[in-house]
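One structure is given below, encoded as structure tokens.
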Amino acid sequence: MKKLAVVAIGGNAVNRPGEEATAENMMKNLAETAHFLVSMLDEYDIVITHGNGPQVGNLLVQQELAKHVIPPFPLDVNDAQTQGSLGYMIALTLGNELRKRSMEREITAVVTQIIVDKNDPGFQKPSKPVGPFYSKEEAEKLQQEKGWIMKEDAGRGWRRVVPSPIPLDIVEKNVIRTLVEKDVIVIAAGGGGIPVIQENGTLRGVEAVIDKDRASALLAKEIDADILIILTGVEKVYINYNKPDQKALDHLTVEEAKKYLAEGQFPSGSMGPKIEAAIDFVTSTGRECLITDMAVLDKALKGLTGTRITL
Ligand SMILES: NC(=O)OP(=O)(O)O
């Protein structure tokens, strides 16, 4: 019997720093990602999640530029658009990798709505960076002219930030579970899921972008995954990152992770949400979370690299 893994693929899997965000480049990068993901299929059933920060922000820019001729969509609908476009690209590239290896598996992307609290403080305090990077001067101009809220993003430049509420429940969790039981490779909770609130017995989309690592932890709990794997741009988690005394960690207990988080070792725009997601999944399930770079996923699954978070 195979183990079930929720695999969260990071921004690098789709868009590389400094590379133009064309569909062609995204397909090329995802074809590489597919190569690494297929290698784990002998041992694992996988549910793939992905981010959408760059892509949904780019959609907002496109719609801003065209708003005099075509009305812009609200952010929840744009989240859904990125689930569709990225879900298609992941399904196509993964399918082609399977075909290359003569492996027969069905793949599908599930449009995923995630319930959030309408009173979540995240709505009052936008924190999720989306779209392109700007200089400080450009950011100040955009803030003044368009009313966008701009923040510096982990030393890489300035970006627009949007509300990011905590994900509470996945509307399609039973469908996702059923598909996994039928041996389908599922792409779900893309872009952190489409945020919806409960209102008078109905659901309504709200303008926000949920953090995909938080959503991945929730999904992993709700579908009873054996492991949460978070793929990112570094092979291991570091403390004192980018300082002369930086140290790579092979293993972290939940208690150690909480302590380092409280010390500010993991920035909120990058490693912070991954560690929070790991703490959430491991504390709730007693199972493990692996954080690593997809290029070394094979080695990491054998315990030879990556950072494992356990109780
Ligand atoms: N939704 C989300 O967390 O996207 P990124 O991982 O691309 O920031």
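All ligand and atom numbering here is 1-based and tracks the order in the structure. For clarity, every value in this text was computed on a predicted model and none was experimentally measured. All values below were derived from every heavy atom in this structure, side-chain atoms included, with hydrogens, water molecules and symmetry-related copies excluded.
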| message | At less than 4.0 angstrom from any non-hydrogen atom of V209, what atoms of ligand 1 do you find? | response | 1 (N)
| field | Which residue and heavy atom of the protein sit nearest atom 8 (O) of ligand 1, plus the separation | value | K128 NZ, 2.9 Å
| atom 4 (O) of ligand 1 [closest protein heavy-atom partner, distance rounded to 0.1 Å] | N52 N, 3.0 Å
| field | Atoms of ligand 1, numbered as shown, that sit under 4.0 Å from any heavy atom of K212 | value | 1 (N), 2 (C), 3 (O), 6 (O)
| said: With nothing but distance in play, are any N or O atoms of G51 less than 3.5 Å from an N or O of ligand 1? | reply: no
| request: Taking the side chain as every heavy atom from C-beta outward, state whether S216 and L228 have any atom pair closer than 4.5 Å. | output: yes
| task | Heavy-atom contacts with I210 under 4.0 Å: which atoms of ligand 1 show up? List them by number with element. | result | 1 (N), 2 (C), 3 (O)
| said: Could you tell me, atom by atom, which parts of ligand 1 come under 4.0 Å of a heavy atom of D211? | reply: 3 (O)
| Tell me: protein heavy atom nearest atom 5 (P) of ligand 1, and distance? | G53 N, 3.6 Å
| remark: Short version for Q55: what comes under 4.0 Å of ligand 1, heavy atoms counted, is neither
| query | Considering distance alone, does some N or O of P129 sit under 3.5 Å from an N or O of ligand 1? | reply | no
| Other residues, nucleotides, ligands: >12 heavy atoms within 6.0 Å of K141 NZ | no
| request: Any atoms of ligand 1 less than 4.0 Å from a non-hydrogen atom of P54? List them with their elements. | output: 7 (O)
